Amino acid sequence: MSELTGKTAVITGASSGIGAATARALANAGANVVLAARRDDRLRELEAQIVRAGGNAASVATDVTDDAAVQALVAAARERFGGIDILVCNAGIMPLSMVANVRLEEWQRAVDVNVNGVFRSVAHTLPHMLSSGGGHIVVLSSVAGRKVFPGGAVYCATKYAVRAFAEGLRAELSPAHGIRVTVIEPGAVATELPAGVADEDVQQSVRQLYEEQTVLEAEDIAAAIRYAVTQPAHVSVNEVLIRPTEQPL
Ligand SMILES: NC(=O)c1ccc[n+]([C@@H]2O[C@H](COP(=O)([O-])OP(=O)(O)OC[C@H]3O[C@@H](n4cnc5c(N)ncnc54)[C@H](OP(=O)(O)O)[C@@H]3O)[C@@H](O)[C@H]2O)c1
């Protein structure tokens, strides 16, 4: 029997990068994993890989900006595996840009995915955790949730917001309901995330940040998430800040 046998984890943004690596890591630890993101083909491929390796997985195409879709994700997870013990709010985008370029649609999109997406995921999962008497919520913030840098005003605002939300969840839910909360704050990780930067004024500096150092791998972050969610019930890992050794910011 593995550490998470019998537990079910819902992971948003599981079609690539940190979410996909986390799904593999938690499945390796014995969890039933429910994979959510928009790219259904990627989810199905990952689901098949996990099942071939002897794990339990289900995929549910989900856009976290769509409230009904998130509700359906939670319902599907409960129906398939009987409950939700771990929620990993990982889906995110990073449309870095200079504020002077006023890319308002990108600003709003970042808030809708990175902040409202977390609110929706928690809102639809929490009632079930409360009635089952526990659970674990993991939220992906970032070094950008601790430091603001040029080009990052909006992205940083979203990552500060979810860090604050997670601390509020912890303060209210952990002592009273035994629901643990962990904020993960990675530095640069080799994923598809930087490809979403469309503002030419910041593309070069983003490329430099990711190319001029040995960045983290998605598996490094997945290992931290696995660590946080496999601690004994009285241990609450609240915050994990992980930078590449060479990252100065
Ligand atoms: N990479 C880094 O350097 C780094 C550093 C700090 C924090 N983070 C955070 O880590 C998290 C994961 O990012 P990553 O680095 O693994 O990047 P990634 O490979 O681009 O993964 C992002 C994931 O989010 C999903 N996603 C985006 N919009 C979505 C939506 N509307 N609905 C549902 N899913 C959506 C994507 O799937 P679909 O496109 O298939 O929907 C994808 O699975 C993000 O919250 C990011 O801010 C990353």
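All figures in this text were calculated on a predicted structure; none of them were measured in a lab. Numbering of residues begins at 1 and proceeds along the displayed sequence. Counting starts at 1 for both ligands and their atoms, following the listed order.
- With respect to the salt-bridge test (charged N to carboxylate O, under 4.0 angstrom), the residues Asp63 and Arg120 do not qualify.
- The number of heavy-atom neighbours closer than 6.0 Å to CD of Glu172, taken from other residues, nucleotides and ligands shown, is 12 or below.
- Using a cut-off of 4.0 Å between Lys/Arg side-chain N and Asp/Glu carboxylate O, Glu167 and Arg170 are scored as salt-bridged.
- Using a 4.0 Å heavy-atom criterion, the residues that approach ligand 1 are Gly13, Ala14, Ser15, Ser16, Gly17, Ile18, Ala37, Arg38, Arg39, Thr62, Asp63, Val64, Thr65, Asn90, Ala91, Gly92, Ile93, Arg109, Val113, Leu140, Ser141, Ser142, Tyr155, Lys159, Pro186, Gly187, Ala188, Val189, Thr191, Glu192, Leu193, Tyr210.
- You'll find the side chain of Asn90 stays beyond 4.5 Å of the side chain of Thr22, heavy atoms only.
- More than 12 heavy atoms of other residues, nucleotides or ligands sit less than 6.0 Å from atom CZ of Arg243.
- The 12-atom threshold is exceeded at CD of Gln208, counting heavy atoms of other residues, nucleotides or ligands nearer than 6.0 Å.
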